[in-house]
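What follows is a single structure, written as structure tokens, with notes after it.
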Amino acid sequence: MMDDEKDTTLPEGTPETSTEASAETEATTQAETTEAVATAKTEEKPAAAATEATAAADTNDTSDEEEEEEKPTSKIIRKDASKVNVVITEEVKEEGVEIDEADQSGTTGEGHADFNWNMTSRSAASRYTDQERADLEKAFDASMTNIAEAEIMSAKVSSIIDGDVILDLNYKSDGLLPLSEFRDQAALQVGDTVEVYVEQQEDEKGQLVLSRRKAKLLRAWDRIRDSYANGTVITGKVVSKTKGGLIADCGGLETFLPGSQIDIKPIIDYDAYVGKTMEFKVVKINETIKNAVVSHKALIESDLAEQREAIIASLERGQVLEGVVKNITDFGAFLDLGGVDGLLYITDISWGRINHPSDILELNQKVNVAVLDFDENKKRISLGLKQLLPHPWEVLDETITEGSTVEGKVVNIEDYGAFIEIQPGVEGLVHVSEVSWSNQPINAREYFTVGEMKPAKVVTIDREDRKMSLSIKQLQDDPWTMIGENFALDSVHTGKVKNLTPYGVFVELEDGIGGMIHISDLSWTKRFSHPSEFVKVGDDIQVSVLEVDENNRKMSLGHKQLEENPWDTFENVFPEGSYHEATVLRKDDRGAIVQMPYGLEAYAPIKLMRKEDGTIAEVDETLTVKVIEFDRDSKRLTVSHSRYVNDIRKEAKDQVYKEEKQERDDTRKVMKKTSSSIERSTLGDLSAFEQLSGNDDDEK
């Protein structure tokens, strides 16, 4: 057998595709087919086609009968090549493989008159030169599709058998995929065209390896990249909920849909979107891990862009629009005006005061609003709801004038007073000076409570400037008009302590009438660094009226004046230089306050509280002090323990000196007396001697 004549018999078990015998047989068949077609074209009779078809049918029947009789063991391969059926059997004769070629041009068989039925494969092969054979093989290869690995190609479903799909890629071998890979394509039928991914041209068994799943994923990623680059729209199905958003399946590739990108309005219930098919735009991709972030909100916004531009272009100040409340905040509400948002500030919701927009508005509520202002560049629209109603001052009852009595709700409290709303949008100010007839300071935040109803009298009203001042105290008669009769000088009254200051106590005697007790008028005998040491706010206290100033509405009160002034007596009890027992009540770096008899408190400079041992007297220590100053007018008594110690020392020295002097005087007296006795004795002797001498002279 020659080199170019190859055995075309297929061994048993040879694969149906991708074998060298199959390829060479197909090449030989292609050459013989070309010759047969050329012979058929020489026939000019109209009935040739029918005759050839009949002959072909007979030939096929004959071949089938021979196959049944000889029972071939090799697998039969049928390949459609230029509409010529080639049947290769295991029967091999000495001169080569007999090839039956049926001309399908007719049914009479007349088209085969010139065909040599005894031609063998060797004789047929000898009819072609090497160049012709090369050209035929080249033509056959050109008729096949070029397939490269790692590419996506279109394939035609040839057949579906037992859960497997056979795919024709117009290649020398077909592809085989399980039907489960086509679950996304309903009712797959023979003849449908699908895309597959070429993983290998030939595996270890020479088979073509394809993947439908990889083709879907790559196509899905291509669509995602195109959407990200060009803004095209992709479709996906929401498959599950995750933290912060949803998972959407876009052509077999899972993407992330953030909760903020689901819709233009806030979404609370994510579960409602699971299972829905939606359209998206890709806003972010990660090429490394093939991950993408999609947005349905961006698609909605792009759809509303033209509508928004049209709405803004047609806006006019004062125009009334219908909007839907889409969001409520502390400072106002956002309304959807049909594709464009507008802001309704809290101050433009009602003519009256409101604490929060939710007091009047609700989500998804439809309201009519007026366009107050808009910015075409920044796409900002300011809306107003109260502007659709007349201003309350314009419809205020004409009977409300100065001197009228009104009642309203406290809506705001400041340090200087409170605002009372007579009707929504009409407010009046009650200044702290108009709360009470008393001159005692009023704390507005303690006197008023937001929301409470208060009656008041209109003091002034200005309808043009829309201002009103109110008064609460003027609802009552001015008690100061009868102050002289009701609160005479030196009269005694009982009042309530309303306020304490470092310099005195404010006492309210009756509503609108009060006065102050100076800290020095609390006690005759005690000195206080603060009135809280003597009395507390809310205590009842008896006072005496010391002075009344009707013009300035002031009254001076006293508490110690209820008792007799003990200082008239103290001048005799505590004269300067007198000594008294005292107890240290308190002290500081400058001095100490000591408790004297009869409850009188005295002051001692710290340097004068040094004891005999050099230490300073401590609190609660009792010791003797000396009065060094008594000021009746200033009610001041100054004492010193050091002076007392010095006096004691001096007195002791004086006593010793006196005793020593007395002793000296006594000694001097004794000596003088003794001297006198002696002198008298001597003089006596002299007189006696003189007497004796005189007697002697007489005798003479």
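- Of the possible polar contacts, none joining the Lys216 side chain to the Glu195 backbone as a donor-acceptor pair under 3.5 Å is found.
- Checking side-chain atoms of Trp221 against main-chain N and O of Lys290 turns up no donor-acceptor pair under 3.5 Å.
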Exercise for review: Might you work through the side chain to side chain contact (heavy atoms under 4.5 Å, CB included) test for Leu361 and Leu385, ending with a clear yes or no?
Suggested key: CA-CA 11 Å; Leu361 301 175; Leu385 180 61; 4.2 Å; yes
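- Counting heavy atoms from C-beta outward, Phe280 and Cys250 have side chains that approach closer than 4.5 Å.
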Practice item. Take Leu179 and Asp164 through the test side chain to side chain contact (heavy atoms under 4.5 Å, CB included) and record every step on the way to the result. Key: CA-CA 5 Å; Leu179 185 60; Asp164 291 331; over 6 Å; no
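- Inter-residue side-chain proximity for Asn368 and Leu388 is flagged as met; some heavy-atom pair is nearer than 4.5 Å.
- Taking 4.5 Å as the limit, every side-chain heavy atom of Val293 sits out of range of all side-chain heavy atoms of Thr255.
- Contact of the Ile262 side chain with the Tyr270 side chain is registered, since non-hydrogen atoms from C-beta on lie closer than 4.5 Å.
- In summary, Arg353 and Glu421 do not engage in a salt bridge, as defined by a charged side-chain N under 4.0 Å from a carboxylate O.
- Across all their heavy atoms, Gly384 and Leu344 have their closest contact at CA-CD1, 3.5 Å.
- Proximity of Phe331 to Leu343: side-chain heavy atoms (C-beta onward) are separated by under 4.5 Å at one or more points.
- Applying the salt bridge (charged side-chain N to carboxylate O under 4.0 Å, His left out) test to every pair with at least one member in residues 317-330, sequence neighbours left out, gives these pairs: Arg317-Asp373, Lys326-Asp341.
- Across all non-hydrogen atoms, the minimal contact from Lys386 to Trp351 is O-NE1, 2.9 Å.
- At a threshold of 4.5 Å between non-hydrogen side-chain atoms, the residues Arg212 and Phe182 count as touching.
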Exercise for review: Determine, step by step, whether Val324 and Leu335 satisfy the side chain to side chain contact (heavy atoms under 4.5 Å, CB included) criterion, reporting the C-alpha distance in whole Å, the side-chain angles of both residues, the deciding distance to 0.1 Å, and the verdict.
Suggested key: CA-CA 5 Å; Val324 178; Leu335 274 66; over 6 Å; no
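- Among all heavy-atom pairs drawn from Ile328 and Pro357, the shortest one is CG2-CB, 3.9 Å.
- Judged purely by atom type and a 3.5 angstrom limit, His296 has no side-chain atom pairing as donor or acceptor with the backbone of Met278.
- Atoms OG1 and CD, from Thr232 and Glu279 in turn, are 11.0 Å apart once rounded to the nearest 0.5 Å.
- When all heavy atoms of Leu188 and Ile160 are compared, the pair lying nearest together is O-CD1, 3.5 Å.
- One finds the CD1 atom of Ile166 at 14.0 Å from the NZ atom of Lys156 (value rounded to the nearest 0.5 Å).
- The number of heavy atoms from other shown groups lying within 6.0 Å of CD (Gln365) is above 12.
- You'll find the side chain of Ile247 stays beyond 4.5 Å of the side chain of Leu257, heavy atoms only.
- Side chains of Leu167 and Val157 form a contact here, defined as non-hydrogen atoms less than 4.5 Å apart.
- At most 12 non-hydrogen atoms from other residues, nucleotides or ligands lie less than 6.0 angstrom from CD of Glu254.
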Practice item. Might you work through the side chain to side chain contact (heavy atoms under 4.5 Å, CB included) test for Val294 and Phe256, ending with a clear yes or no? Key: CA-CA 6 Å; Val294 297; Phe256 176 60; over 6 Å; no
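- When every heavy atom of Leu253 is checked against every heavy atom of Leu217, the shortest pair comes out as N-CD2, 4.2 Å.
- Annotation: side-chain contact (heavy atoms from CB on, under 4.5 Å) contacts of Asn355 (sequence neighbours excluded): Asp359.
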All N/O donor-acceptor pairs, side-chain side in residues 235-242, below 3.5 Å, sequence neighbours left out:
residue	atom	partner	partner atom	Å
Lys241	NZ	Asp271	OD1	3.3

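- Nearest heavy atoms, Ile234 versus Ser227: CG2-CB, 3.9 Å.
- Surrounding NZ of Lys409 are at most 12 heavy atoms belonging to other residues, nucleotides or ligands under 6.0 Å away.
- For the side-chain contact (heavy atoms from CB on, under 4.5 Å) test with Leu383, the passing option among Ile349, Asp348, Leu337, Leu372 is Leu337; the others fail.
- The OG atom of Ser211 sits 5.0 Å away from the CD atom of Glu199 when rounded to the nearest 0.5 Å.
- Remark: Arg225 engages Glu287 in a salt bridge, criterion side-chain N to carboxylate O under 4.0 Å.
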